[in-house]
Structure formats: structure tokens, C-alpha cells
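Worksheet: the structure to be examined is printed underneath.
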Amino acid sequence: MSASGGTRAVLAALGANVAIAVSKFVAFAFSGSSSMLAEGVHSLADSGNQVLLLFGGHRSRREADEAHPFGYGAERYVYGFLVSVVLFTIGGVFALYEGFEKIRHPHPIDAWYWPVGVLLFAVIAEGFSFRTAIGEARSLKGRQSWRRFIRTAKAPELPVVLMEDFGALIGLCLALFGVGLAVLTGNGVWDGVGTVCIGALLVCIALVLAVETKSLLLGEGAGPEVVARVQAALVDGPDVDRVIHMRTLHLGPEELLVAAKIAVPADADARRIAAAINAAEARVRSAEPTARVIYLEPDLYSEAEAAAGPDPAATPGGR
């Protein structure tokens with residue numbers, strides 16, 4: 001996985017979550033707090049998620065073969081989607097179940113200083129992980145808002161870690177709220193309420209991640225800035241008059257397929273057209289290094305056909 005995949009952020013999150021999970025289970029054993037149990041399972045699920053992301057990054061580096069001629073870059077999308085499923089089932093659903101059980105059968109929290117101490121430690125550790133993820137993402141985010149970055153990022157690791165860490169910090173605050181009220185009032189129902197809120201939060205985060213990674217799995221095209229660079233590079237030569245139409249597809253976070261029909265001079269012979277195509281491919285790769293698979297079809301531009309518009313039946317996904 002390259003630096004843009006956020007390996008450093010994933011490793012930081014993995015180390016933090018393993019340490020936090022152990023401390024939360026210890027706190028649960030001494031205090032009996034259901035919020036601690038839910039948070040422990042949450043951190044354990046997050047640790048498993050980071051392992052999945054690292055494994056997906058490793059698998060995606062395999063060389064292309066006959067069965068997969070475009071390589072295995074999309075495996076990172078597959079494992080990103082699995083992370084959202086794990087977060088939903090193990091993290092969110094378990095926390096909801098445990099919270100409702102605690103509300104139905106409440107009991108006071110023993111040794112309250114254990115869960116409070118662990119939660120404060122977890123806030124520090126998750127804050128470190130979150131800061132690392134933000135630092136890794138800044139160079140890729142540019143001037144985009146964080147919301148738009150989450151929606152448009154082609155590498156799934158950083159959005160997943162950012163969402164997980166952000167959710168974990170909010171979950172820790174909810175756990176502190178539930179444990180604190182349970183200790184102050186002597187009513188264990190509040191611990192259950194905090195646990196239910198944690199579960200609802202995890203389910204929401206998992207659904208957002210599932211929607212975004214599903215879109216990547218279905219196949220997303222390049223962003224507007226990348227498309228503009230590719231089109232400008234294609235026509236930046238003497239023998240390419242214009243781009244008639246173009247399609248792009250991300251085969252992986254850092255591998256883009258470009259297919260375009262380009263207009264060439266009517267009097268150009270085969271040798272001149274071949275040279276024009278080779279030069280255009282070189283310009284595109286120089287302008288956009290992720291454009292590794294390029295297919296260019298030479299054609300003659302027709303104003304009448306252009307005015308008629310594209311044929312929906314000839315378009316992928318059309319009639």
C-alpha cells in the first residue's frame with residue numbers, strides 16, 4: 001500500500017485500538033459496566049478492521065494474471081466494504097443488544113474509577129490515532145471539506161480510519177456520560193442508555209462507510225480535476241484535434257483506466273495516426289501518473305453526429 005493509502009494511519013489506529021480494547025475489558029471485569037463491555041467490543045472490532053485494511057492492501061499488490069488482466073487493485077475496496085459490515089454487526093448491533101439488556105436489568109457500577117480511568121486513557125490514545133489520520137489525509141484533501149473528502153477519496157483506508165476514530169471519540173464521550181450518570185445517581189440504567197447511544201452511533205458510521213465503499217466497488221470514474229488534466233493532455237499535440245468522448249474508471253485507488261475516442265486529421269495516414277496515439281498516451285501518463293491503462297480510438301469529428309448527441313444504447317449501463 002502506498003503512502004496515499006494511509007498505511008501509517010492504519011498502523012497507528014491498530015496499535016491504539018489493541019491497547020484500548022485490553023484496558024476496556026479489564027475495566028469491565030472489575031466494574032461490570034456494560035458501556036465498558038460495548039466499548040471493548042467496539043475497539044476489538046476496530047482492531048480487526050485495521051487488520052482487514054492492511055491485508056487488503058497486501059492482496060491488492062499482486063501482479064495481473066490471465067484471470068484478472070487489470071490486476072487486483074480493487075481488493076482494497078472489497079476489504080473496505082467488509083470493514084463496514086464488521087463494524088455494523090460486531091460493533092453496532094452488539095452494543096445495541098448489550099445496552100437494551102442493561103436497561104431491562106440494571107445494576108450499579110462497582111469500582112467506578114476503573115471505567116473512568118480507562119475511558120480517559122482511551123480518549124488520549126484515540127486522539128493520537130485521529131491526529132495521525134488527519135495528518136496523513138491533509139495532503140490528499142487539499143481545499144476540500146472533510147465531508148467531501150470522505151465522499152470522493154478513492155483510497156478507502158483513510159476515510160475508514162477517520163470515520164472510525166471520530167466515532168470512537170464520540171463513543172468514549174457517550175460512555176463517560178453513561179458511566180458518570182450511573183455513578184452519580186446509583187442507577188445502572190444510565191450505563192445502558194450510554195451503551196445504546198454508542199451502538200446507534202456505530203450503526204450510522206457503518207452505514208455511511210458501506211454506502212461509500214459500495215460506490216467504489218461498483219466502479220467510480222475520475223474526479224473533475226483529473227478528467228480535465230487528461231483531456232488537456234490528449235489535445236496538447238498537433239495531430240489530435242479534440243476529444244470526441246471519454247470514459248474513466250478506477251481499477252484501484254491508484255490505477256485509472258482511460259478510454260477515449262479522439263478526432264484526428266482527415267488526411268492523416270496510419271503511421272501518423274499511430275504516432276499521434278503514442279504521443280497522446282505519453283502526455284496523459286505524464287499529466288496523470290495514475291492513468292496506467294489507456295485505450296485511444298482515432299476517428300473523424302462530425303458536427304452532425306455531435307449535435308445528435310451520444311447513443312444511449314451504445315453507452316455502458318444504457319438501454
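Atom CZ of R272 sits in a crowded spot, with more than 12 heavy atoms from other residues, nucleotides or ligands closer than 6.0 Å. The neighbour count for F166 CZ, taken as heavy atoms of other residues, nucleotides or ligands under 6.0 Å away, does not exceed 12. Residue R148 places its CZ atom among 12 or fewer non-hydrogen atoms of other residues, nucleotides or ligands, all under 6.0 Å distant.
Closest approach of R151 and E212 over heavy atoms only: O-OE1, 3.2 Å. Closest non-hydrogen pair, A182 versus G188, comes out as CB-CA, 4.4 Å. The two atoms that bring A137 and L158 nearest to each other are CA-CD1, 3.9 Å, heavy atoms only. Across V161 and A133, no two heavy atoms sit closer than the pair CG1-CB, 3.8 Å. Nearest approach of M163 to I205, heavy atoms of both residues: O-CD1, 3.7 Å. When all heavy atoms of V284 and A291 are compared, the pair lying nearest together is CG1-CB, 3.8 Å.
Hydrophobic clustering, defined by side-chain heavy atoms of Ile, Leu, Val, Met, Phe, Trp and Tyr closer than 4.5 Å, leaves I124 isolated from every other such residue.
In the hydrophobic clustering of this structure, V227 groups with L296; members are Ile, Leu, Val, Met, Phe, Trp, Tyr whose side-chain heavy atoms approach within less than 4.5 Å, directly or through other members. Neither V93 nor V211 shares a network with the other; the hydrophobic side chains, linked directly or stepwise wherever heavy atoms of I, L, V, M, F, W or Y lie under 4.5 Å apart, form separate groups for each. Residues L181 and V189 fall within the same hydrophobic cluster, defined by Ile, Leu, Val, Met, Phe, Trp and Tyr side chains chained together at heavy-atom separations under 4.5 Å. There is no path of hydrophobic side-chain contacts, each under 4.5 Å, that joins V123 to I20.
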Identify each donor-acceptor pair in which a side-chain atom of residues 94-105 lies under 3.5 Å from a protein atom, sequence neighbours left out, and give them as a table.
residue, atom, partner, partner atom, Å
E101, OE2, R104, NH1, 3.1
K102, NZ, D191, OD2, 2.9

Please step through salt bridge (Lys or Arg N to Asp or Glu O under 4.0 Å) for the pair D299 and K261, ending with a clear verdict. CA-CA 7 Å; D299 202 348; K261 179 176 286 190; 3.4 Å; yes
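Counting heavy atoms from C-beta on, the side chains of Y77 and P253 come closer than 4.5 Å.
Residues passing the side chain to side chain donor-acceptor pair (under 3.5 Å) test with H68 are Y72, sequence neighbours excluded.
Under the 6.0 Å distance and 45° angle rule, R242 counts as a cation-pi partner of Y301.
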